[in-house]
Enquirer: 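Structure in structure tokens, see below.
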Amino acid sequence: MANEGTAQDTQSWSSENKEVKLTPGKEENSSYASVTVEVNGMKKEFNWSFPKLEEPRVFYADITGDGKEEAVIIFNTGRGTGLSIDEIHVLNSKDLSEIKVQSYQEIVADQIETKVTRKNNETLAIKVKSQGKEYQFDYHVPDLNFKQDKLSFGGVINYGLENQKIISRLGASVGVSPQYVGDFNVTYKFDPAKNELIADQITFVPSADNK
């Protein structure tokens, strides 16, 4: 089971059983501009930046399936109305080299198709296709005054761990001020040839108003 950490004091965070420790370094205004990661006594500095008000989440779990745990660190780098953006880093616990996590942009480009069609002044017809599954629904938008032929991404990107696997939630929206019509939930798997965690399963969940 993944071990998630909490803040130990104002200057460091660690995984549940303290295998991974994260210590902020250089400060810039309201953010930390660097951090030092220590895993089982080995240390390495990274130029990762995150707001001081946001506590990192720190895990120690075998997410590659090789029987050896990795360090997983998740920051929230942006939060506000209609906005929640996480950044994730996965480190090999042997040498603290970083294992790439496939970006949401690559996943959207390669495995997600969306189409938005205007039906009338208050209704959009939305089609979604991913991994052979299709979803179609109407979405009500009062005073519809924008043109958009695909769903937009990037405002909500949240990561977590579940059953020793990385998961993410990608919000899909319409409008300039994002209105979220649903979420794409992604489960990742490790590709040893690429040394990368890539999208394995993708499901779409429409917003409560459209279920």
Side-chain angles (χ1 to χ4, degrees), residues 1-8 12-24 32 35-44 46 48-51 53-79 83-108 110-112 130-131 153-172 180 182-205:
M1 183 174 180
N3 292 332
E4 177 180 1
T6 57
Q8 303 303 303
S12 66
W13 300 265
S14 63
S15 56
E16 184 179 7
N17 295 320
K18 299 184 172 63
E19 305 94 342
V20 183
K21 183 178 180 181
L22 181 71
T23 305
Y32 294 112
V35 294
T36 296
V37 179
E38 180 178 349
V39 181
N40 297 325
M42 184 182 303
K43 294 183 181 181
K44 188 173 182 179
F46 297 87
W48 302 334
S49 177
F50 64 98
L53 294 178
E54 295 289 343
E55 290 190 1
R57 288 178 286 150
V58 185
F59 302 86
Y60 189 62
D62 177 16
I63 58 170
T64 61
D66 64 355
K68 301 173 184 177
E69 288 81 2
E70 287 76 41
V72 181
I73 299 158
I74 301 172
F75 304 107
N76 187 277
T77 59
R79 193 186 301 277
L83 180 74
S84 180
I85 300 174
D86 285 349
E87 179 177 304
I88 188 168
H89 297 278
V90 178
L91 302 179
N92 184 312
S93 59
K94 278 189 173 181
D95 58 9
L96 301 190
S97 60
E98 188 154 9
I99 299 170
K100 181 183 175 182
V101 179
Q102 188 178 25
S103 70
Y104 83 89
Q105 295 99 325
E106 292 173 313
I107 294 170
V108 170
D110 296 341
Q111 298 199 52
I112 294 175
S130 182
Q131 296 188 330
F153 296 86
V156 172
I157 309 161
N158 295 146
Y159 291 98
L161 261 68
E162 188 175 287
N163 299 322
Q164 300 286 95
K165 293 182 181 294
I166 289 177
I167 58 173
S168 69
R169 177 172 70 96
L170 309 178
Y180 289 93
D183 297 320
F184 285 89
N185 295 321
V186 183
T187 302
Y188 297 74
K189 69 177 180 181
F190 182 63
D191 184 334
K194 294 182 177 180
N195 191 38
E196 179 179 356
L197 289 147
I198 62 174
D200 181 27
Q201 299 176 358
I202 304 174
T203 59
F204 178 73
V205 181

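Source: prediction; values computed, not measured. One-based numbering along the sequence shown.
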Enquirer: Could you check whether any side-chain N or O of D183 sits under 3.5 Å from a backbone N or O of V205, counting only pairs where one atom can act as donor and the other as acceptor?
Expert: no
Enquirer: Hey, which of V58, V20, T23 is the one that makes side chain to side chain contact (heavy atoms under 4.5 Å, CB included) with V37?
Expert: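 The single option meeting the side chain to side chain contact (heavy atoms under 4.5 Å, CB included) with V37 is V20.
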Enquirer: When you check the side-chain N and O atoms of Q102 and E196, is any donor under 3.5 Å from an acceptor?
Expert: no
Enquirer: From S15 OG over to K21 NZ, what is the distance, rounded to the nearest 0.5 angstrom?
Expert: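 Result: 11.5 Å between the selected atoms.
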Enquirer: Mind checking the CD-CG spacing from Q201 to N185? Nearest 0.5 Å is all I need.
Expert: 11.0 Å
Enquirer: Kindly indicate whether the side chain of N195, heavy atoms from C-beta on, has any atom under 4.5 Å from the side chain of F190.
Expert: yes
Enquirer: Where do G154 and I85 come nearest, in terms of heavy atoms and distance?
Expert: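 Reported closest heavy-atom pair: O-CD1, 3.5 Å.
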Enquirer: Does any N or O in the side chain of R57 come within less than 3.5 Å of the main-chain N or O of Y159, such that one atom is a donor and the other an acceptor?
Expert: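 Yes; at least one donor-acceptor contact below 3.5 Å.
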Enquirer: Between D200 and Q131, which heavy-atom pair has the shortest distance, and what is it?
Expert: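 For D200 and Q131, the tightest heavy-atom pair comes out as O-NE2, 2.9 Å.
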Enquirer: Are the side chain of E54 and the backbone of N76 linked by a donor-acceptor contact shorter than 3.5 Å?
Expert: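 A pair under 3.5 Å: no.
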Enquirer: Does any N or O in the side chain of E70 come within less than 3.5 Å of the main-chain N or O of I63, such that one atom is a donor and the other an acceptor?
Expert: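 Yes: the side chain of E70 pairs with the backbone of I63.
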Enquirer: Nearest 0.5 Å, what's the CZ-CD1 distance between F204 and I202?
Expert: 12.5 Å
Enquirer: Would you call the rings of F50 and W13 parallel, tilted or perpendicular if under 30° counts as parallel and over 60° as perpendicular?
Expert: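 The rings of F50 and W13 stand perpendicular, inter-plane angle above 60°.
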Enquirer: Within a radius of less than 6.0 Å around NZ of K194, do more than 12 heavy atoms belonging to other residues, nucleotides or ligands occur?
Expert: no
Enquirer: Any sub-3.5 Å donor-acceptor pair from D66's side-chain atoms to K68's backbone N or O?
Expert: yes
Enquirer: Checking side chain to side chain contact (heavy atoms under 4.5 Å, CB included) for the pair L170/I157: CA distance, chi angles, key distance, verdict?
Expert: CA-CA 5 Å; L170 309 178; I157 309 161; 3.9 Å; yes
Enquirer: Might you point out which heavy atoms bring I88 and I166 nearest each other, and give the distance in Å?
Expert: CD1-CD1, 3.7 Å
Enquirer: In the structure I gave you, are the side-chain heavy atoms of Y104 and I112 within less than 4.5 Å of one another anywhere?
Expert: no
Enquirer: Can you tell me if CG on N163 sees more than 12 non-hydrogen neighbours from other groups inside 6.0 Å?
Expert: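 No, because the 6.0 Å sphere around CG of N163 holds 12 heavy atoms or fewer from other groups.
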Enquirer: Is there a side-chain contact between D191 and L197 (heavy atoms, below 4.5 Å)?
Expert: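 Not touching, per the 4.5 Å side-chain cut-off.
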Enquirer: Give me the atom names and distance for the closest heavy-atom approach of V35 to P24.
Expert: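 Minimum heavy-atom contact is CG1-CA, 4.0 Å.
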Enquirer: For S49 and Y32, indicate whether the former's side chain and the latter's backbone hold a donor-acceptor pair under 3.5 Å.
Expert: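 Answer holds: yes.
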Enquirer: State the CG-CD1 distance between L161 and I74, to the nearest 0.5 angstrom.
Expert: 6.0 Å
Enquirer: For N92, is there any backbone N or O sitting under 3.5 Å from a side-chain donor or acceptor partner on S97?
Expert: no
Enquirer: Kindly assign one of parallel, tilted or perpendicular to the pair F153 and F184, based on the angle between their ring planes and the thresholds 30° and 60°.
Expert: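 Ring orientation of F153 relative to F184: tilted.
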Enquirer: Test your reading of the model: is there a side-chain donor-acceptor pair from N158 to the backbone of R169, 3.5 Å cut-off?
Expert: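 Flag not set: sc N158 to bb R169 has no pair under 3.5 Å.
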Enquirer: Might you point out which heavy atoms bring G65 and D62 nearest each other, and give the distance in Å?
Expert: N-OD1, 2.9 Å
Enquirer: Tell me, do F46 and H89 make a side-chain contact under 4.5 Å, heavy atoms counted?
Expert: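 Of all side-chain heavy-atom pairs linking H89 with F46, none is under 4.5 Å.
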Enquirer: Counting distance only, does the side-chain N/O of E69 pair as donor-acceptor with the main-chain N or O of Y60 below 3.5 Å?
Expert: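 Absent.
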